[in-house]
Amino acid sequence: MPAAHPVTSATTRRVWTLAWPIILSNITVPLLGLVDTAVVGHLPESRYLAGVTLGAMLFSFLYWGFGFLRMGTTGLTSQAQGRDDATAVRNLLGQALVMAMVIGGSLIVFSRPLTALGLWLLDGSAEATAVAHDYAAIRFLSAPAVLANYAILGWFLGQQNSRVTLAILVLTNSVNIVLDLLFVVGLGMTSDGVAWATVIADYTALTLGLWLVRRQLAELGGTFHRERLWRLAAYRELLQVNGQLFLRTLGLLFALAFFTAQGASQGDVVVAANAVLLQFIMLTSHGLDGFAHAAEALTGRAIGRRDWAEFTAAVAATARFSLLTTAAAMLCFAIGGTALIALLTDLPAVREAAADYLPWMVLMPALAVWSYLLDGVFIGATATREMRNSVFAGLIVYLPAWWLLTGPLGLGNHGLWLAFLLFTLVRSVTLGGYYLRYRRTRWSPRAVGRK
């Protein structure tokens, strides 16, 4: 058997080095949700658990919408590093942090109307909504810290340092869990204790992040241009990249919210079964996200260096890991899907319904893997307009397909799942089409001076 090409072999090792801290970090996230639920779930009134659940859901959607601060910073930083432009690496961090502070401060200023709108859309009970309002009033205080952490994580990942992600998330979740127990169990607080625990954990993580940034800057060359922080024109590239990512994220949020709403319209059993099966997607994403993040850092650096052999090796290596993860997930769901459903719910009707729709989840990873992988490639290339287009192309197919499959064809929730899979497929196919086109034009030795 011939030996692996040295570029490919080194890139394969680098992909795993970048991916495993992210995968491990992702695994810590559900643990925090489990502790939050267990702590609040033991309070004497169920309204606290319902209120914290509503509030946490509100912030999950809200902060997901500003995830562009992480993604855009990663792509631009990785390209600057590939060009050996340490000055640009420094200035990108400063600009990303300024954007995080401005957006975070604005979220605090407009927290009341945002809370009212978000909780109206989530449509909880009056008792739960009242608790969620109090919870949100506290949680909004950490908005600048959360968004600044996004920028810091993106900056480090762009420099191929994913262990910072692991360190920050482990610290955040550890502090949050300890303070949950202290405030709620030890001091007798309720939902406010859970909210304050999260706020303190977010600022603790920011403190660690800034300390790590200071260490990194001491070793980084280049010059920091302070005037670039105050000139709007200096933010043009960052705003263009992040603006497209924001629109792309809004499209994804709409697709998921629409799926949830249409499931809910079919009754409590169906919406519960769909919620259980969506956890399968979350499990798969824990692995695929790690390799997609590796693709962001590696392809961005290769594009910055105009090194197309390295670019090809990065895509090939991350694709191999992603496909192995996908095959493992499909096999796991096919063989152990019913057991996993039983682990997530003990309600017989929900178990039966989820098992009925399980085949869609067995198929989902094969369609979704390409959108995860290519999202990583396109973030590294800062080709965010194409990412936006893939989501909206998916929506153009998704909504008519849902109407046809659940209406005239009467397929019910099976039709909803099929429409959602078509949305995922169209995203993957659209990104794949762009990728093949750009490999012949922008991302090839012929593309001198072009991204």
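Across all their heavy atoms, Val15 and Ala294 have their closest contact at O-CB, 4.0 Å. Nearest heavy-atom pair across Thr73 and Ala96 is OG1-CB, 3.6 Å. The two residues Met71 and Leu245 make their nearest non-hydrogen contact at CB-CD1, 3.8 Å. The two residues Ala297 and Ser78 have their closest heavy-atom pair at O-CB, 3.6 Å. Listed here is the closest heavy atom pair of His286 and Ile23: O-CG1, 3.5 Å. Across all their heavy atoms, Arg306 and Arg442 have their closest contact at NH2-O, 4.3 Å.
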**Request:** Starting from the C-alpha separation in whole Å, work towards a yes-or-no answer on salt bridge (Lys or Arg N to Asp or Glu O under 4.0 Å) for Arg301 and Asp307.
**Result:** CA-CA 9 Å; Arg301 179 174 179 268; Asp307 187 335; over 6 Å; no
**Prompt:** Could you walk me through whether Ile341 and Leu277 pass the side-chain contact (heavy atoms from CB on, under 4.5 Å) check?
**Reply:** CA-CA 8 Å; Ile341 290 169; Leu277 291 175; 4.3 Å; yes
**Message:** For Arg427 and Asp375: C-alpha separation, side-chain torsions, deciding distance, then whether salt bridge (Lys or Arg N to Asp or Glu O under 4.0 Å) applies.
**Reply:** CA-CA 10 Å; Arg427 279 196 65 215; Asp375 270 352; 2.7 Å; yes
**Request:** Evaluate the side-chain contact (heavy atoms from CB on, under 4.5 Å) criterion for residues Val102 and Met99: first the C-alpha distance (whole Å), next the side-chain angles of each, then the deciding distance (0.1 Å), finally the verdict.
**Result:** CA-CA 5 Å; Val102 170; Met99 286 185 67; 5.8 Å; no
**Val89 vs Leu92, side-chain contact (heavy atoms from CB on, under 4.5 Å): CA-CA, chis, key distance, verdict** = CA-CA 5 Å; Val89 172; Leu92 279 166; 5.7 Å; no
**Message:** Under the criterion salt bridge (Lys or Arg N to Asp or Glu O under 4.0 Å), I'd like the reasoning laid out for Glu296 against Arg70: C-alpha separation, chi angles, the key distance, then a yes or no.
**Reply:** CA-CA 11 Å; Glu296 295 173 22; Arg70 204 281 305 158; 2.5 Å; yes
**Request:** Begin with the C-alpha distance, continue with both residues' side-chain angles, and end with the deciding distance and a verdict on side-chain contact (heavy atoms from CB on, under 4.5 Å) for Trp370 and Leu431.
**Result:** CA-CA 8 Å; Trp370 303 107; Leu431 288 173; over 6 Å; no
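Although no hydrogens or angles enter the test, the distance criterion places no donor-acceptor pair under 3.5 Å between the side chain of Arg214 and the main chain of Gly209. Using modelled atom types, no side-chain atom of Ser191 and backbone atom of Tyr135 make a donor-acceptor pair closer than 3.5 Å. When atom types are taken as modelled, the side chain of Thr77 and the backbone of Thr74 share no donor-acceptor pair closer than 3.5 angstrom. A donor-acceptor pair under 3.5 Å is formed between the side chain of Ser428 and the backbone N or O of Leu367. Although no hydrogens or angles enter the test, the distance criterion places a donor-acceptor pair under 3.5 Å between the side chain of Arg90 and the main chain of Gly221. Within the 3.5 Å criterion, the main-chain N or O of Ala234 finds a donor-acceptor partner in the side chain of Gln95.
Between Leu252 and Trp64, some side-chain heavy-atom pair lies under the 4.5 Å cut-off. Between Phe333 and Leu363, the closest side-chain pair of non-hydrogen atoms is not below 4.5 Å. At least one side-chain heavy atom of Tyr63 sits less than 4.5 Å from a side-chain heavy atom of Leu147. In this structure the side chain of Thr204 never reaches within 4.5 angstrom of the side chain of Thr172, judged on heavy atoms. In this structure the side chain of Pro144 reaches within 4.5 angstrom of the side chain of Ile108, judged on heavy atoms. Between Asn389 and Arg385 the shortest side-chain heavy-atom distance falls below 4.5 Å. Side-chain contact check for Leu399 versus Phe254: some heavy-atom pair is nearer than 4.5 Å. Residues Phe68 and Thr249 have side chains not in contact (no heavy-atom distance under 4.5 Å, counting atoms from C-beta outward).
Between atom CG of residue Leu206 and atom CG of residue Leu171 there is a gap of 11.0 Å, rounded to the nearest 0.5 Å. Residue Thr165 holds its OG1 atom at 9.5 Å from CZ of Phe156, rounded to the nearest 0.5 Å. Atoms CD1 and CH2, from Ile22 and Trp20 in turn, are 10.5 Å apart once rounded to the nearest 0.5 Å. Here Leu278 contributes atom CG and Met364 contributes atom CE; the two are 8.0 Å apart, rounded to the nearest 0.5 Å. Rounded to the nearest 0.5 angstrom, Leu18 CG and Leu157 CG are separated by 7.0 Å. Summarising the geometry, atom OH belonging to Tyr150 is positioned 11.5 Å from atom CD1 belonging to Ile103; distances are rounded to the nearest 0.5 Å.
Of the N and O atoms on the side chains of Arg320 and Thr12, at least one donor lies less than 3.5 Å from an acceptor on the other residue. No side-chain donor from either of Arg248 and Ser390 sits under 3.5 Å from a side-chain acceptor of the other. Side-chain polar atoms of Gln244 and Arg388 form a donor-acceptor pair below 3.5 angstrom.
Within 6.0 Å of CH2 in Trp417 there are more than 12 heavy atoms belonging to other residues, nucleotides or ligands. Summarising the local packing, CZ of Arg439 is surrounded by more than 12 heavy atoms from other residues, nucleotides or ligands at distances under 6.0 Å.
In this structure, Phe258 and Trp402 have perpendicular ring planes: the angle between them is above 60°, well past the 30° mark. Tyr398 and Phe423 have tilted rings, their planes meeting at an angle from 30° to 60° on a 0 to 90° scale. Aromatic ring pairs are classed by plane angle as parallel below 30°, tilted from 30° to 60° and perpendicular above 60°; the pair Phe378 and Tyr438 is tilted. Taking the six-membered ring for Trp and thresholds of 30 and 60 degrees, Phe311 and Trp443 have ring planes inclined between 30 and 60 degrees apart.
Screening Ile281, Leu373, Val369 for a side-chain contact (heavy atoms from CB on, under 4.5 Å) with Leu288, the sole residue that qualifies is Val369. Considering Ile200, Asn149, Val199 in turn, Val199 is the only one that fulfils the side-chain contact (heavy atoms from CB on, under 4.5 Å) rule with Ser142.
Taking the ring centre of Tyr434 as origin, the terminal cationic atom of Arg437 falls outside the region bounded by 6.0 Å and 45° from the ring axis.
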